Amino acid sequence: MKSLKILFACSCLLGMMWSCTDLEERPVGILAPEAIFRTANDVEVAVLGSVGLLATEQLYGRQFTSALMLRSDMVDIGDRGTVAARIQMNDFNMDDNNAMVLAIWPRFYEVISAANAALAGSEIVTGSEARINALAAEARFMRAFSYFHLVRNFGEIPYIDFFVSDPATVKNISKTSVATIYQNIIQDLEFAKQWLPDRQPNNVRTRATKGTAAAYLANVHLTLENWQRAYEEAKWVIDNKDRFGYQLMEDFQDLYKAHLADGLAEHIFAVDFLGLQTAPGNINVDFTASMTGIRGADRSGWSVNVPSLKVYQTWPEGDYRKRVSFDSAIMMGGRLQPYPNFVNTQRPHIAKYTRFPGNAQGEFQQSDHNYPDMRYAEVLLIAAEALGEISGATAEAVGYVNQVRARARNEAGVMNSFPADLNSGISKDEFIRLVIEERRFELAFEHKRWYDIQRRRMGNEVFLGPNSLEPRSNFSEARDYLWPIPRQELENNPNLLPQNPGY
């Protein structure tokens with residue numbers, strides 16, 4: 001559960017950061033860690049600030065999550081009257097002045113700045129070694145988390161791992177190689193795995209634990225095609241699931257009921273929004289449900305992030321996850337209307353975030369959702385994919401997929417026959433294909449598909465191939481696996497040149 005303590009920490013943190021960017025006549029002094037951090041509690045404020053900054057409109061409240069959705073082949077623009085930046089992101093024709101990119105880049109660096117501040121504070125305050133190291137570990141997790149998202153979308157970027165006491169020290173910073181960034185991410189996550197607790201107070205899933213760090217290590221190694229390491233980290237999480245309190249929820253629908261989200265056993269790391277509450281700097285401002293809701297319904301959304309009709313039509317009817325993931329009919333004017341009668345975008349819409357939003361405004365703004373960035377189901381599928389690459393469709397690898405499929409057969413206590421278990425007699429290539437498809441269904445609209453397309457280099461197949469769910473004739477592998485570095489960053493710091501190819 002997110003508390004008002006996190007909102008307070010975010011507000012304090014932003015006040016601290018903004019206080020050193022005053023461009024008026026009065027010059028601002030150089031910040032020093034010893035002037036800010038006197039106790040471990042001060043360090044925790046900075047850590048909580050880094051955590052809370054994820055729950056902002058620029059990141060998990062709309063911009064970042066929408067960008068990941070729209071970039072994939074699972075979500076298309078619905079209402080084409082929406083702002084141009086979203087259409088450009090979706091259509092693979094954006095430039096380096098895209099408003100979504102301009103919002104995402106600096107916000108992630110604010111998260112990193114907060115984590116670096118906490119780390120600087122941890123080095124000078126006194127307290128028990130266990131507590132200080134746990135706070136440093138959480139800060140290093142948040143730094144690794146942010147760079148993991150940034151490096152996948154932007155490639156070579158500035159890597160800042162120190163407290164910025166004087167803005168001049170980073171004015172002309174150069175880019176860091178992708179290999180070095182990943183090396184640093186892994187080092188941070190390994191430190192986090194060593195020093196984080198098994199569970200956080202009140203069993204919250206919005207703060208990292210040892211299991212969280214290991215799950216992200218598995219994901220990082222999967223991305224780098226370090227199959228053995230990915231398997232080992234995922235297997236460690238699976239073998240210790242009871243220690244960390246992880247399990248698959250019995251009913252898939254329960255994952256998307258906002259009133260059940262706090263401490264949900266399947267969540268390994270989630271971003272928590274407090275319904276109907278906001279703070280300065282777009283903190284706790286959430287529009288994700290609004291973006292996916294149905295414009296013109298009795299409870300209207302905005303019909304922006306809407307799957308193509310082919311995504312819905314090609315999803316097997318027997319899959320309970322389809323009924324959880326989509327609204328194909330909605331109340332309009334007091335009558336249940338099928339999607340061909342929707343007033344704006346005549347396609348089934350995403351239901352995961354609008355069906356049970358908890359406390360929220362009329363068009364779903366400021367919902368109560370905890371948006372998962374990592375679920376236990378994904379760890380099972382990481383283990384399956386990595387082991388499949390090592391050994392093929394072994395009984396163990398197939399068993400991980402079948403755990404996910406067995407849960408998918410449970411429709412509110414009624415057992416279905418679909419999806420059937422896989423067997424170990426299939427080829428390695430077919431097994432890997434089925435695991436990627438299982439990820440597409442299980443993790444649909446949870447901001448994962450773009451990363452699968454990117455790391456597996458599937459762009460030509462999914463956007464240009466004959467079976468494309470969302471054809472994009474101008475998709476270019478030479479350009480579109482990365483986003484452009486924001487133009488304003490290049491103008492402020494020429495050392496960030498060259499721009500990513502094609503922009």
Side-chain angles (χ1 to χ4, degrees), residues 1-2 141 192-193 196-219 222 230-272 319-321 323-325 352 356 358 368-387 395-416 418-422 435 438-439 441-448:
M1 175 185 299
K2 177 197 280 182
F141 170 82
K193 181 182 174 183
L196 282 169
D198 287 356
R199 304 191 190 204
Q200 289 285 356
N202 301 315
N203 202 29
V204 299
R205 304 304 172 104
T206 54
R207 297 182 66 180
T209 65
K210 289 183 186 293
T212 314
Y216 279 88
L217 275 169
N219 199 15
L222 189 81
Y231 166 69
E232 289 169 356
E233 295 293 347
K235 183 69 161 53
W236 188 79
V237 175
I238 293 165
D239 289 345
N240 291 281
K241 65 182 179 64
D242 293 335
R243 171 180 168 186
F244 303 128
Y246 300 150
Q247 65 179 31
L248 297 176
M249 300 299 294
E250 290 186 6
D251 189 336
F252 188 70
Q253 179 67 82
D254 286 346
L255 288 164
Y256 312 103
K257 293 179 177 178
H259 67 282
L260 299 179
D262 291 334
L264 207 63
E266 191 164 333
H267 284 181
I268 291 178
F269 189 67
V271 179
D272 185 357
D319 194 340
Y320 172 50
R321 293 171 297 190
R323 292 183 282 284
V324 170
S325 299
K352 281 186 172 181
F356 300 103
D368 248 340
H369 277 299
N370 291 11
Y371 296 108
D373 193 80
M374 178 68 70
R375 296 198 272 117
Y376 183 64
E378 184 175 1
V379 174
L380 292 170
L381 295 175
I382 289 173
E385 183 180 349
L387 186 56
E396 181 186 352
V398 168
Y400 295 135
V401 178
N402 287 342
Q403 287 186 53
V404 175
R405 288 191 163 202
R407 190 268 297 281
R409 291 195 291 270
N410 177 18
E411 184 166 0
V414 176
M415 296 306 296
N416 296 324
F418 186 93
D421 281 351
L422 298 180
V435 172
E438 197 67 30
R439 288 178 60 90
F441 294 138
E442 175 68 25
L443 305 172
F445 318 128
E446 294 179 35
H447 328 122
K448 301 290 182 175

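Because only heavy atoms are used, hydrogens play no part in the values below, and waters and symmetry mates are left out as well, while side chains stay in. Computed from a predicted structure; not experimentally measured.
Listed here is the closest heavy atom pair of Val379 and Ala234: CG1-O, 3.7 Å. Minimum interatomic distance between Ile238 and Ala383 (heavy atoms only, all atoms of both residues): CD1-CB, 3.8 Å. Closest heavy-atom contact between Phe141 and Thr212: CZ-CG2, 3.6 Å. Taking both residues in full, the closest heavy atoms of Ala265 and Met249 are given as N-SD, 4.1 Å, listed atom of the first, atom of the second, then distance. Of all heavy-atom pairs spanning Ala377 and Glu266, the tightest one is CB-OE2, 3.3 Å. The two residues Val237 and Ala214 make their nearest non-hydrogen contact at CG2-CB, 3.5 Å.
Side-chain atoms of Val271 and Thr206, non-hydrogen and from C-beta on, never get closer than 4.5 Å to each other. Within the 4.5 Å cutoff, side-chain heavy atoms of Val404 are placed close to those of Arg321. At least one side-chain heavy atom of Tyr376 sits under 4.5 Å from a side-chain heavy atom of Leu248. Contact check for Glu442 versus Arg407: side-chain heavy atoms found under the 4.5 Å cut-off. At a threshold of 4.5 Å between non-hydrogen side-chain atoms, the residues Ile268 and Arg205 do not count as touching. Within the 4.5 Å cutoff, the side chain of Glu396 has heavy atoms near those of the Lys235 side chain. Using a 4.5 Å heavy-atom cutoff, the side chains of Asp319 and Phe418 are in contact. Put simply, the side chain of Asn370 does not reach to within 4.5 Å of the side chain of Leu264, judged on heavy atoms.
Partners of Phe252 under the ring pair (Phe, Tyr, Trp, His ring centres under 6.0 Å) rule, at least two apart in sequence or in another chain, are Tyr256. Lys210 meets the salt bridge (charged side-chain N to carboxylate O under 4.0 Å, His left out) test with no other residue; sequence neighbours excluded. Applying the ring pair (Phe, Tyr, Trp, His ring centres under 6.0 Å) criterion to Tyr371, with sequence neighbours excluded, gives Phe273, Tyr353, His369. Taking Glu411 as the reference, Arg323 meet the salt bridge (charged side-chain N to carboxylate O under 4.0 Å, His left out) condition, with sequence neighbours excluded. Among residues two or more places apart in sequence or in another chain, the ring pair (Phe, Tyr, Trp, His ring centres under 6.0 Å) test is passed with Tyr246 by Phe244. Legend: residues meeting side chain to side chain donor-acceptor pair (under 3.5 Å) with Arg409, ordered by chain and number and at least two apart, are Asp421. Not a single salt bridge (charged side-chain N to carboxylate O under 4.0 Å, His left out) links Asp251 to another residue, sequence neighbours left out. Among residues two or more places apart in sequence or in another chain, the side chain to side chain donor-acceptor pair (under 3.5 Å) test is passed with Gln200 by none. With sequence neighbours excluded, no residue satisfies salt bridge (charged side-chain N to carboxylate O under 4.0 Å, His left out) with Asp242. With sequence neighbours left out, Arg405 forms a side chain to side chain donor-acceptor pair (under 3.5 Å) with Glu438. Shown here are the side chain to side chain contact (heavy atoms under 4.5 Å, CB included) partners of Phe356, two or more places apart in sequence or in another chain: Gln253, Lys257. Residues meeting the side chain to side chain donor-acceptor pair (under 3.5 Å) test with Glu385, sequence neighbours left out: Arg455, Arg456.
Between the side chain of Asn410 and the backbone N or O of Glu250, at least one donor-acceptor pair lies under 3.5 Å.
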